[in-house]
Amino acid sequence: MVAITLPDGSVRQFDGAITGEQLAASIGPGLAKAALAMKIDGQLLDLARAIEKDSAVSIVTKKDADGLELLRHDAAHVMAEAVQELFPKTQVTIGPAIENGFYYDFARTEPFTPDDLTKIEDKMREIVDRDEKIIREVWERADAIKYFKGIGEDYKAELIEGLPASEPITVYKQGKWLDLCRGPHLPSTGKLGKAFKLMKLAGAYWRGDSKNEMLQRIYGTAWGDEKQLKEYLTMLEEAEKRDHRRLGQEMDLFHIQEEARGAVFWHPKGWTVYRSIQSYIRRRLDEAGYVEVNTPMLVDSVLWQKSGHWDKFRHAMFVSESEERALAIKPMNCPCHVQIYNQGIKSYRDLPLRMAEFGACHRNEPSGALHGLMRVRAFVQDDAHIFCTEDQVKSETKSFIELLRTVYKDFGFNEVKVKFSDRPPVRAGSDETWDRAENALKEATAAAGLDWELNPGEGAFYGPKLEFVLRDAIGRDWQCGTLQADFVLPERLDAEYVGEDGAKHRPVMLHRAILGSFERFIGILIENYAGKLPLWLTPLQVVVATITSDANEYAADVAKTLQKAGLRVETDLRNEKINYKVREHSLGKVPIIAVVGKKEAEERTVALRRLGGNNQEILALAEAADRLRAECAPPA
RNA sequence: GCCGACGUAGCUCAGGGGUAGAGCAACUGAUUCGUAAUCAGUAGGUCCGCGGUUCGAUUCCGCGCGUCGGCACCA
């Protein structure tokens with residue numbers, strides 16, 4: 001007897017082993033049709049597998065997240081089958097499901113063209129119509145290697161060779177085609193449905209290593225039904241309109257040109273946003289007990305050699321020279337901060353010492369990495385280094401996390417992804433040092449109640465790091481805030497303090513930034529708000545627009561009053577219809593239009609119109625000034 | 001850096017081996033108007049750069065530069 005517990009808690013008894021298909025059919029014909037896979041005691045398996053002992057089983061359909069992921073994985077397989085049918089000399093490599101879709105990496109001498117994508121998509125639909133049964137087989141390792149080598153699938157053979165001996169080698173057959181795969185899979189290609197679309201072509205290195213050959217990756221998206229697919233495509237279109245590069249141009253915030261790749265020309269409006277953010281963050285740092293410094297832009301390579309950066313990052317540093325000495329344009333502020341720390345003798349009483357700098361840094365990022373404001377070669381961070389004792393790491397980390405939360409909340413980011421990156425393969429410092437650093441950070445995050453996901457091996461060469469990640473309009477993640485515990489640099493640059501015991505000790509350095517670079521953070525802000533920045537950040541807060549020239553003089557009065565109230569104001573006295581002015585400033589994302597005509601001039605009032613709204617509010621000028629001043633004030 | 005696509009007016013884009021096209025913006029003039037486009041006119045181009053093929057190249061070919069999408073990288 002086999003007793004199967006279903007998700008609703010009910011238990012079904014069967015005489016013996018039963019397959020998922022049979023189970024689904026026993027529950028109902030609708031479910032049998034919708035069934036894609038099953039979950040036995042939490043393990044996802046093919047429907048054709050037998051349930052042999054008492055267990056908790058749920059039938060997975062495309063309404064489940066697991067089902068959708070399976071569907072996407074199958075889409076990758078169907079695409080691979082289509083590709084090999086159309087382009088027989090192509091080798092398949094790997095093809096997983098990813099967020100919103102799937103990809104498959106192919107090895108082929110000829111590049112795929114955008115036209116090929118259409119052909120492949122058509123062929124995929126054909127394969128779905130064929131409704132090929134998907135069958136799992138377990139093969140002998142040696143046979144599998146021999147088979148894949150025999151048909152010229154060298155990458156697959158290499159994959160099998162790399163699998164642990166304990167792992168069974170499974171292949172999935174669909175029609176005449178088969179692929180090495182761990183599974184599970186849908187029962188047949190027909191279950192995939194047709195709510196998929198091939199999206200883009202890209203190069204990708206075999207096994208993610210730039211030393212390996214480059215494969216051709218085809219990305220696709222796949223959904224449970226046409227409606228979901230359409231919604232997703234519409235969402236993408238909308239997201240494109242939020243792209244900070246597009247809005248930056250439309251809103252006249254900044255530009256980048258080829259004579260200064262990866263460096264930003266901030267226009268007056270963009271620079272106003274930048275300055276607002278900077279004075280806000282400066283206030284927060286003052287409140288949190290930081291001191292601000294400023295250090296040289298050009299520093300002798302000797303210092304970078306001592307710090308260890310020269311060895312690891314020489315290739316990405318801009319170097320100049322003077323009197324036969326190599327001078328590096330600073331890629332970061334930390335070694336300079338240690339130089340200030342090292343002036344005079346530090347006592348344990350001086351710690352923690354929180355040293356901030358808005359220093360302009362330059363890194364020669366690979367050309368292919370450059371991306372609008374998000375990845376630049378010249379940038380400024382809200383950078384600071386906290387020199388503290390090992391005992392203080394926990395409390396300093398905790399208060400940093402609290403400060404970061406306050407700041408992110410003020411900018412409207414309430415949900416932030418946090419990654420914990422631990423020791424990388426190539427690193428400085430002993431394992432004991434890394435143990436201490438990693439533990440200290442982990443304890444501090446626990447104390448601050450911060451959840452994170454592990455990002456194994458991605459720490460900085462001198463220490464583990466916490467990364468605070470924000471998402472752009474089309475779902476790309478960018479590291480903004482960071483905290484890195486560094487036990488190495490103080491050693492290398494000989495920083496010390498006199499302890500309570502009268503002996504000399506090494507301080508710990510916490511490298512930390514909240515916004516990360518101003519450039520990237522502004523990029524994220526623009527996308528997050530689709531250009532409609534909060535009042536305190538928006539470059540132009542109020543436009544005073546006249547209805548006819550009769551009100552010109554009064555409009556100037558209004559603008560002056562609002563300016564005195566600390567607002568960023570312009571007047572629009574042009575001989576244009578009010579409709580025209582409203583449209584233009586609305587498209588320019590000006591949050592408040594103060595309309596003044598003959599009536600307002602006589603009564604000394606203004607008609608305030610909010611962006612996106614279609615009614616107005618008539619207020620006495622003095623009251624309007626008071627109210628807008630309060631509304632436009634930065635967060636307290 | 002690697003793979004692919006793309007590069008035409010300030011912007012968005014069409015075109016195509018034979019003197020370069022639209023809309024918006026700009027400029028000029030008229031219009032004084034009540035909450036998302038008033039009308040008319042004018043001007044605007046090394047068709048990314050260099051080389052080749054051709055009687056003739058913005059168009060075809062090659063190389064370079066840049067942009068975009070991924071990959072790799074990200075102190």
Side-chain angles (χ1 to χ4, degrees), chain A residues 103 105 111-114 116 199-219 240 243 245-246 249-250 252 256-259 261 304 307-317 330-335 361 363-372 374-377 381 383 421 424 428 458-463 465 467 474 476 478-479 482 484 486 488-489 511 516-517 520 545-552 574-588 593-600 607-616:
Chain A
Y103 68 78
D105 285 347
F112 289 113
T113 66
D116 293 339
M199 303 295 282
K200 52 198 178 193
L201 280 164
Y205 296 107
W206 166 236
R207 298 200 145 164
D209 189 332
S210 61
K211 288 195 280 290
N212 292 341
E213 55 276 55
M214 185 157 270
L215 307 171
Q216 297 186 63
R217 177 172 297 180
I218 303 178
Y219 282 95
E240 255 174 58
D243 189 308
R245 292 163 299 186
R246 174 181 173 144
Q249 182 189 279
E250 280 174 17
D252 194 18
I256 294 171
Q257 65 187 47
E258 59 178 280
E259 289 84 349
R261 295 186 69 193
W304 305 108
S307 71
H309 291 101
W310 195 258
D311 273 352
K312 192 152 181 355
F313 290 112
R314 165 71 190 85
H315 63 279
M317 286 161 77
K330 68 174 171 187
M332 50 175 13
N333 304 304
C334 23
C361 295
R363 296 178 185 175
N364 197 0
E365 302 285 3
S367 56
L370 301 179
H371 182 91
M374 305 299 198
R375 190 83 181 266
V376 287
R377 286 177 173 157
Q381 287 170 294
D383 192 21
S421 301
E458 296 293 319
F461 75 92
Y462 50 69
K465 62 179 181 178
E467 295 175 44
I474 61 166
R476 288 182 284 218
W478 299 94
Q479 178 195 309
T482 180
Q484 306 167 10
D486 182 357
V488 173
L489 202 58
H511 305 243
S517 91
R520 176 176 294 178
T546 51
I547 288 171
T548 67
S549 55
D550 297 343
N552 281 2
R574 291 173 304 169
N575 178 19
E576 295 291 350
K577 284 188 173 178
I578 194 63
N579 286 306
Y580 181 88
K581 294 186 186 182
V582 165
R583 177 179 157 84
E584 199 176 86
H585 298 302
S586 298
L587 290 174
I593 303 174
V595 177
V596 295
K598 205 182 278 178
K599 204 167 78 195
E600 285 78 12
L608 297 184
R609 183 193 207 283
R610 309 274 167 164
L611 182 58
N614 45 14
N615 54 343
Q616 51 267 318

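Below, read A as the first sequence line, B as the second, and so on, with proteins coming before strands; counting in each chain starts at 1.
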> Hey, what's the ring geometry for A/Y462 with A/H511, parallel, tilted or perpendicular (30° and 60° as the breaks)?
Replying inline: parallel
> When all nucleic acid strands are considered with a 4.0 Å heavy-atom cut-off, which category describes A/K599: base, sugar-phosphate, or nothing?
Replying inline: base
> What integer number of Å spans the C1' atoms of B/G4 and B/A72?
Replying inline: 15 Å
>> In this structure, how many angstroms lie between the C1' atom of B/C2 and the CG atom of A/L370, rounded?
In response: 14 Å
> For B/G34, what is the paired nucleotide under Watson-Crick or G-U wobble rules, both distances under 3.5 Å?
Replying inline: none
> Residues two or more places apart in sequence or in another chain: which of them pass side chain to side chain donor-acceptor pair (under 3.5 Å) with A/Y205?
Replying inline: none
> Going from CG on A/N364 to NE2 on A/H315, what distance comes out if it is rounded to the nearest 0.5 angstrom?
Replying inline: 9.0 Å
> Roughly how far apart, to the nearest Å, are B/G49 and B/A26 at atom C1'?
Replying inline: 28 Å
>> Nearest whole Å is fine: how far is B/A36 C1' from A/N615 CG?
In response: 14 Å
> Within the structure, does a side-chain N or O atom of A/R245 lie under 4.0 Å from either OP1 or OP2 of B/U67?
Replying inline: no
> Looking only at side-chain N and O atoms, does A/H371 come under 4.0 Å of OP1 or OP2 in B/G69?
Replying inline: yes
> Nearest-Å distance, CE (A/M199) to P (B/G70)?
Replying inline: 11 Å
>> Using a 4.0 Å cut-off on heavy atoms, which residues in residues 579-587 of chain A reach RNA chain B? List them by number, or say none.
In response: A/N579, A/Y580, A/V582, A/R583, A/S586, A/L587
>> Are the side chains of A/M317 and A/W310 in contact, using a 4.5 Å heavy-atom criterion?
In response: yes
> Touch check for A/T548, heavy atoms < 4.0 angstrom, all strands: base, sugar-phosphate only, or nothing?
Replying inline: base
> Considering heavy-atom distances to RNA chain B, does A/G368 or A/K598 have its closest nucleotide positioned more toward the 5' end?
Replying inline: A/G368
> Which is true for A/R217 with a 4.0 Å heavy-atom rule: it touches a base, it touches only sugar-phosphate, or it touches nothing?
Replying inline: sugar-phosphate
> Considering every strand shown, what is the Watson-Crick or G-U wobble mate of B/C68 when both distances are under 3.5 Å?
Replying inline: B/G4
> Expressed in whole Å, how much space separates the C1' atoms belonging to B/G1 and B/A22?
Replying inline: 40 Å
> Would you find a donor on one side and an acceptor on the other, under 3.5 Å apart, between the side chain of A/E584 and the backbone of A/K581?
Replying inline: no
> Does A/R520 use its side chain to pair, donor to acceptor, with the backbone of A/Q479 at less than 3.5 Å?
Replying inline: yes
>> Give me the distance, rounded to whole Å, that separates B/A57 from B/G18 when you measure between the C1' atoms they each carry.
In response: 10 Å
> What string of B, S and - do you get for nucleotides 3-14 of chain B, 5' to 3', if B is base contact, S is sugar-phosphate-only contact and - is no contact with any protein heavy atom under 4.0 Å?
Replying inline: BS------S---
> In the structure shown, which nucleotide is the Watson-Crick or G-U wobble counterpart of B/U12, with both distances under 3.5 Å?
Replying inline: B/A22
> Which heavy-atom pair separates A/P111 from A/Q216 by the least distance, and what is that distance?
Replying inline: CA-OE1, 3.3 Å
>> Please give the distance between the C1' atoms of B/G51 and B/C68 as a whole number of Å.
In response: 26 Å
>> Working to the nearest 0.5 angstrom, can you tell me the gap between A/K465 NZ and A/D486 CG?
In response: 12.5 Å
>> Please identify which of these residues, A/N575, A/V596, A/V595, A/I578, meets the side chain to side chain contact (heavy atoms under 4.5 Å, CB included) condition with A/T546.
In response: A/V596
> Can we say A/R207 and A/D209 salt-bridge, meaning some charged N sits less than 4.0 Å from an Asp/Glu carboxylate O?
Replying inline: no
> Given the P atoms of B/C24 and B/G41, what is the spacing between them in whole Å?
Replying inline: 12 Å
> Quick check: does any side chain N or O of A/R377 sit under 3.5 Å from a backbone N or O of A/E365, one acting as donor and the other as acceptor?
Replying inline: yes
>> Is any side-chain heavy atom of A/K200 closer than 4.5 Å to one of A/Y103?
In response: no
> When all nucleic acid strands are considered with a 4.0 Å heavy-atom cut-off, which category describes A/A545: base, sugar-phosphate, or nothing?
Replying inline: nothing
>> Classify A/A369 by what it touches in the nucleic acid, base, sugar-phosphate, or nothing, heavy-atom distance under 4.0 Å.
In response: base
> Hey, does A/R476 reach any base, or is it just sugar-phosphate, or nothing, if we go heavy atoms under 4.0 Å?
Replying inline: sugar-phosphate
> So what does A/Q484 touch, heavy atoms closer than 4.0 Å: a base, only the sugar-phosphate, or nothing?
Replying inline: sugar-phosphate
> With a 4.0 Å cut-off on heavy atoms, is A/K465 in touch with a base, just the backbone sugar-phosphate, or nothing at all?
Replying inline: sugar-phosphate
> Nearest-Å distance, CZ (A/R377) to P (B/A75)?
Replying inline: 17 Å
>> Rounding to an integer number of Å, can you tell me how far A/R363 CZ sits from B/C74 P?
In response: 11 Å
> Taking for each residue the nucleotide of RNA chain B bearing the nearest heavy atom, is the 5' side occupied by A/I593 or by A/Y205?
Replying inline: A/Y205
>> Just N and O in the side chain of A/K312: are any of them under 4.0 Å from OP1 or OP2 of B/A75?
In response: no
>> Tell me if the side-chain of A/R261 makes a donor-acceptor pair with the base of B/C65, cut-off 3.5 Å, by modelled atom types.
In response: no
>> Measuring only the P atom in each nucleotide, how far is B/C33 from B/A25? A whole number of Å is fine.
In response: 23 Å
>> If I take atom CD1 in residue A/I218 and atom C1' in nucleotide B/C71, what distance separates them, rounded to the nearest angstrom?
In response: 15 Å
> Rounded to the nearest Å, what distance is computed from the CD atom of residue A/Q257 to the C1' atom of nucleotide B/C65?
Replying inline: 14 Å
> NA contact type, A/I547, heavy-atom cut-off 4.0 Å: base, sugar-phosphate, or nothing?
Replying inline: base
> Any side-chain heavy atom of A/K330 sitting closer than 4.5 Å to one from A/P335?
Replying inline: no
> Which base, if any, makes a Watson-Crick or G-U wobble pair with B/C27, both distances under 3.5 Å?
Replying inline: B/G41
>> I need the CG-P distance between A/N575 and B/U31, as an integer number of Å.
In response: 9 Å
>> My understanding is that a pair needs two contacts under 3.5 Å, Watson-Crick or G-U wobble. By that rule, which nucleotide pairs with B/U46?
In response: none
> Touch check for A/K577, heavy atoms < 4.0 angstrom, all strands: base, sugar-phosphate only, or nothing?
Replying inline: base
>> Under 4.0 Å, counting only non-hydrogen atoms across every strand here, what does A/Y103 touch: a base, just sugar-phosphate, or nothing?
In response: nothing
>> Taking side-chain hydrogen bond (donor to acceptor under 3.5 Å, both in side chains) as the criterion, tell me which of A/Q484, A/E467, A/E458 meets it with A/S421.
In response: A/E467
>> Of the options B/A72, B/G70, B/C74, whose atoms approach the side-chain atoms of A/Y219 most closely?
In response: B/G70
> Does a distance-only test, which skips hydrogens and angles, find a donor-acceptor pair under 3.5 Å between the side chain of A/E600 and the base of B/G34?
Replying inline: yes
> Which one is paired to B/A57, where only Watson-Crick or G-U wobble pairs with both distances under 3.5 angstrom count?
Replying inline: none
>> Please report the distance separating the C1' of B/U38 from the corresponding atom of B/U31, rounded so that it comes out in whole Å.
In response: 7 Å
>> At 4.0 Å (heavy atoms only), tell me whether A/G208 reaches a base, stays on the sugar-phosphate, or touches nothing.
In response: sugar-phosphate
